[in-house]
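Reminder, nothing fancy here: chain letters follow the sequence lines and each chain counts from 1. This is a predicted model, so every value here is computed, not measured.
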2 protein chains.
Amino acid sequence: MRITYKGDYALKTILKLSINYGKVLSIHKLAKDLDIPVKFLEQILLELKRVGFVKSRRGKVGGYFLARHPSKIMLGEIIRFVDGPIEPIACINDNYRGCNDMYRCIFRDLWKKITEQTSKIVDNISFEDLRRRFTDKKFLAYTI
Amino acid sequence: MRITYKGDYALKTILKLSINYGKVLSIHKLAKDLDIPVKFLEQILLELKRVGFVKSRRGKVGGYFLARHPSKIMLGEIIRFVDGPIEPIACINDNYRGCNDMYRCIFRDLWKKITEQTSKIVDNISFEDLRRRFTDKKFLAYTI
DNA sequence: TTATACTCTACTATATTAATAGAAATTGTA
DNA sequence: TACAATTTCTATTAATATAGTAGAGTATAA
């Protein structure tokens, strides 16, 4: 697993929408507050919309909002969608189907173990959990 | 952490040299047995030599061999050297020095936890351990 | 002396990453 | 109805990383 800028942006955006659940936030507002290039965020949000994480409203008071409650969106879902599989190496995905490479097979168990451990973390934390952590930390100096 | 082809090649090469500890193997032999492009492996071995993982002998019966006993080479050392830090996201390396991005800070603990768990695996397995696993598996159909 | 092997520097092709550009469609409101 | 703010869509681009390839040079055992 490697989190790219795109993934980082997506996670921060979903968190922001979670904190503001119920409201509609414009791309411009999100991009400004999260320090993300507007046009890049635009693309990310369109993808997140197509797959059903967020919804949008056009026009004057338009913007984006979460399609589900933050408690129903797991961190791992966003990571996998934006940055691909959790696995540390590509070829583990098809479960080493037809693996006749003995050296690779020795490492296989390790990559699987790492994948399982990482998944256990990201698949058990929802954006509601993150939102709660956020408010608990009380970053009063910042504007939410 | 993401293991690239280069990293995969390096790991398999060190394992091969561990299994054949005490012998000298040529690039050609290694490349052929491990199915790695010769000139690519050449580069990788030079890097591994410069940093002291392997040593080499030139000339007619030349080749490469481990600079240390397999029990003294940890998996994580090779991974970090070839494919960089274990962290799933780049900016965690400097420990978020001067982090005034509250959204990032929320994720920070997670990336640290994932990093710690992964490190715990790769930093506690030596190539001697891997060699033992290999012989225990008794892949008799293959040529070691 | 020669065959075999490592050494070194440079080059290249492709994919991924991280954007940027601009025109079109929608919608609330004055 | 006009318009301003907003999303939508398609294309393009620049930079970097990845995965090699090429070729000339150096060392060494027999």
Item to complete: Name the residue closer to the 5' end of DNA chain D, choosing between K39(A) and K39(B) according to the nucleotide with the nearest heavy atom.
Response: K39(A)
What is the separation between atom [atom1] on [X] and atom [atom2] on [N], rounded to the nearest whole Å?
| X | N | atom1 | atom2 | result |
| --- | --- | --- | --- | --- |
| E42(B) | dA24(D) | CD | P | 14 Å |
| R2(A) | dT16(D) | CZ | C1' | 10 Å |
| I3(B) | dA17(D) | CD1 | P | 17 Å |
| E47(B) | dT7(C) | CD | P | 13 Å |
| K55(B) | dT28(D) | NZ | P | 15 Å |
| L41(A) | dA19(C) | CG | P | 11 Å |
| I44(B) | dT21(D) | CD1 | C1' | 14 Å |
| Y5(B) | dG20(D) | OH | P | 7 Å |

Which nucleotide, [options], lies nearest any side-chain atom of [X]?
| X | options | answer |
| --- | --- | --- |
| Q43(B) | dT8(D), dT28(D), dT21(D) | dT21(D) |
| S26(A) | dT6(D), dA19(C), dA18(C) | dT6(D) |
| F40(B) | dT8(D), dT21(D), dA29(D) | dT21(D) |

Worksheet item: OP1 or OP2 of dA19(C) sitting under 4.0 Å from any side-chain N/O of Y9(A)?
Response: yes
Fill in: dT6(D) phosphate, OP1 or OP2, under 4.0 Å from S56(A) side-chain N/O
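So the side-chain polar atoms of S56(A) never come under 4.0 Å of the phosphate oxygens OP1 or OP2 of dT6(D).
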Worksheet item: When the ring planes of Y5(B) and Y9(B) are compared, do they come out parallel, tilted or perpendicular, using 30° and 60° as the limits?
Response: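 Ring orientation of Y5(B) relative to Y9(B): perpendicular.
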Discussion item. Please classify the nucleic acid contact of G59(A) as base, sugar-phosphate, or nothing, using heavy-atom distances under 4.0 Å.
Written reply: base
Worksheet item: What nucleic acid atoms does L45(B) come within less than 4.0 Å of, heavy atoms only: base, sugar-phosphate, or nothing?
Response: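 It contacts nothing in the nucleic acid.
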Item to complete: Report the residue (I27(B) or K60(A)) whose heavy-atom-nearest nucleotide on DNA chain C is the more 5′ of the two.
Response: I27(B)
Discussion item. Here's a test of your reading of the structure: between G63(B) and R58(A), which maps to the more 5' nucleotide of DNA chain C?
Written reply: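 Whichever sits nearer the 5' end wins; that is G63(B).
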Worksheet item: So do E128(B) and Y21(B) actually touch side chain to side chain, heavy atoms under 4.5 Å?
Response: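 With C-beta onward as the side chain, the pair stays apart.
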Worksheet item: Salt-bridged, E116(A) to K113(A), with N to O below 4.0 Å?
Response: no
Worksheet entry | Cationic N near anionic O, under 4.0 Å, E47(B) to R50(B) |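 The answer is no: the pair does not qualify as a salt bridge.
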Worksheet item: Any luck finding a side-chain donor-acceptor pair between H28(B) and S26(B) under 3.5 Å?
Response: no
